[in-house]
Protein chains: 2
Amino acid sequence: MNAVYGLRALMYIAAQRDQEGYVSIRKISEDLDISFHFLTKILQTLTQHHILHSQRGPAGGVALAKAPEQVTLLEMLYILEGEGYFSECFLGLPGCGEQQPCPVHDFWRHITLTMKEKFSHTTLAELSDKVRSGEVRLVSCT
Amino acid sequence: MNAVYGLRALMYIAAQRDQEGYVSIRKISEDLDISFHFLTKILQTLTQHHILHSQRGPAGGVALAKAPEQVTLLEMLYILEGEGYFSECFLGLPGCGEQQPCPVHDFWRHITLTMKEKFSHTTLAELSDKVRSGEVRLVSCT
DNA sequence: ACTTATTCAGACAATTTTGTCTTAAATTTA
DNA sequence: TAAATTTAAGACAAAATTGTCTGAATAAGT
Ligand code: SF4
Ligand code: SF4
């Protein structure tokens, strides 16, 4: 769920990027209905990877460390789910590659390349704009 | 790993479809280096869903229950991983849909539809033919 | 009938993922 | 400096996934 929770939080944070100051993790966890401590841990990794900046103490919290236009979906997923996110192959045979491919190699490589392409051209800004315009939602329907 | 092991076994079995009789699960597990009991359980579900036919006793084993040309990758994945394989949405918010989509809905739906399309047009026959021609391999490189 | 080979079924165990809790460190305000 | 607020870090727990084992059922050969 790292990706799900992390992305939702990032979109939530990015959606309020015109507001000054930090957004507290407690507030995010309540609004998005995610366990506070678990979310904290996830956001920590985003902080460590310089997607977010954090500030302790009263009025502290987290804020975007870079412009959301420069944060791609691919980048976020790599951080949240590991670098192997798209390189994982379908059959997962060790030590394989172009030389001696498995039956689904070509098929699968085509799909992953397409996806990777799409994911690297979608930015946090685009996603959060939809939230701001009220076009979409981040929380569960009641 | 159900999908990985199941597909590998199916391709292995389909690759020898001109040979008479059953292929024993023991043999498959040894050749593909998969735990015998675990593989047995996976192949059982394929048998229950009439992809395979099984035969107990000496010279028993499993065999394809239908022509591999009529078994699609999509069908195999549905059985091995559950019907929700492609319907699972990216953010997994409960009770969502077209009316109130999340930020990645359109993006994600496009990807899953494309994949589903591709997966439903690839058959076991095509995949196993590559194995037979020696073009690809099913086991790990040494 | 007996033995052997095989799948079937389900209990059990190990591992990974997911989530919770406690304590520490930092920062602000008074 | 003291108190309040908030993230950081990591131990711990629960749940899901992955894998193992044992015994039963079935079929074939002798
Ligand atoms: S051959 Fe390609 S798809 Fe197949 S296991 Fe290797 S990397 Fe993955
Ligand atoms: S809106 Fe679409 S992509 Fe988003 S959670 Fe719902 S079904 Fe999934």
Side-chain angles (χ1 to χ4, degrees), chain A residues 1-10 12-13 20-65 77 79-82 84-85 88 91-94, chain B residues 1-10 12-13 20-65 77 79-82 84-85 88 91-94:
Chain A
M1 310 304 297
N2 277 26
V4 171
Y5 292 163
L7 284 178
R8 282 217 287 153
L10 280 171
Y12 178 95
I13 296 164
E20 280 283 312
Y22 296 96
V23 189
S24 92
I25 300 178
R26 173 73 63 185
K27 178 86 164 59
I28 304 173
S29 77
E30 282 167 2
D31 283 2
L32 299 187
D33 197 32
I34 300 171
S35 151
F36 167 70
H37 290 289
F38 195 33
L39 181 59
T40 293
K41 211 184 303 187
I42 293 169
L43 296 191
Q44 269 170 30
T45 73
L46 289 168
T47 300
Q48 285 155 5
H49 285 84
H50 309 106
I51 298 290
L52 293 176
H53 174 243
S54 70
Q55 175 72 15
R56 293 195 248 202
V62 291
L64 292 180
L77 287 173
I79 292 170
L80 291 166
E81 296 285 318
Y85 195 67
E88 269 175 35
L91 290 192
L93 300 176
Chain B
M1 312 303 297
N2 278 26
V4 171
Y5 293 163
L7 284 178
R8 282 218 285 155
L10 280 171
Y12 178 97
I13 296 163
E20 280 283 311
Y22 297 96
V23 188
S24 90
I25 299 179
R26 173 73 63 185
K27 177 85 164 59
I28 304 173
S29 77
E30 281 166 3
D31 283 1
L32 299 187
D33 197 31
I34 300 171
S35 150
F36 166 70
H37 291 288
F38 195 33
L39 182 60
T40 292
K41 212 186 298 187
I42 294 169
L43 296 192
Q44 268 169 31
T45 74
L46 290 168
T47 301
Q48 283 154 7
H49 286 84
H50 309 103
I51 298 289
L52 293 176
H53 175 245
S54 70
Q55 175 73 15
R56 294 195 248 203
V62 291
L64 291 180
L77 287 174
I79 292 171
L80 292 167
E81 296 286 315
Y85 194 68
E88 269 174 35
L91 290 192
L93 300 175

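Residue numbers begin at 1 in each chain, while the letters A, B, ... track the order of the sequences.
Relative ring orientation between Tyr22(A) and His53(A) is described as tilted, the plane-to-plane angle lying within the 30° to 60° band.
For Ser35(B) and dT20(D), the shortest distance from a side-chain N or O to OP1 or OP2 is below 4.0 Å. Between dC8(C) and Thr40(B), no contact under 4.0 Å exists linking OP1 or OP2 to a side-chain N or O.
In this structure, Leu52(B) and Ile13(B) approach most closely via the heavy-atom pair CD2-CD1, 4.1 Å. Residues Arg8(B) and Leu32(B) share a closest heavy-atom pair of NH2-O, 3.3 Å. When all heavy atoms of Leu46(A) and Gly6(A) are compared, the pair lying nearest together is CD1-O, 4.4 Å. The shortest heavy-atom contact between Ser35(B) and Ser29(B) is C-CB, 4.4 Å.
Comparing dT20(D), dA8(D), dT27(C) by their closest approach to the side chain of Thr47(A) singles out dA8(D). In the set dC21(C), dA8(D), dT27(C), the nucleotide with an atom closest to the side chain of Pro58(A) is dT27(C). Counting only heavy atoms from C-beta on, His37(B) has its side chain closest to dA9(C) among dT20(C), dA28(D), dA9(C). Taking only side-chain atoms of Ser24(A), from C-beta outward, the nucleotide of dG19(C), dT7(D), dT6(C) with the closest atom is dT7(D). Residue Gln55(B) has its side chain nearest to dA27(D) when only dA27(D), dC8(C), dT28(C) are considered.
Rounded to whole Å, the distance from CZ on Arg56(B) to C1' on dT4(C) is 15 Å. Here the C1' atom of nucleotide dT18(C) and the CD1 atom of Ile34(A) are 13 Å apart, to the nearest Å. As rounded to whole Å, 10 Å separates atom P of dT7(C) from atom CD1 of Ile13(B). Put simply, CZ on Phe36(B) is 14 Å from P on dA9(C), counting in whole angstrom units. Protein atom OH of Tyr5(A) is 16 Å distant from nucleotide atom P of dT17(C), rounded to whole Å. Between Phe38(A) atom CZ and dC12(D) atom P the separation is 19 Å, expressed in whole Å. Atoms CD (Gln48(B)) and C1' (dT7(C)) sit 12 Å apart, rounded to a whole Å. Atom CG of Leu39(A) and atom P of dT7(D) are 9 Å apart (whole Å).
Evaluation of atom-type donor-acceptor distances gives a pair under 3.5 Å for the side chain of Lys41(B) against the base of dT20(D).
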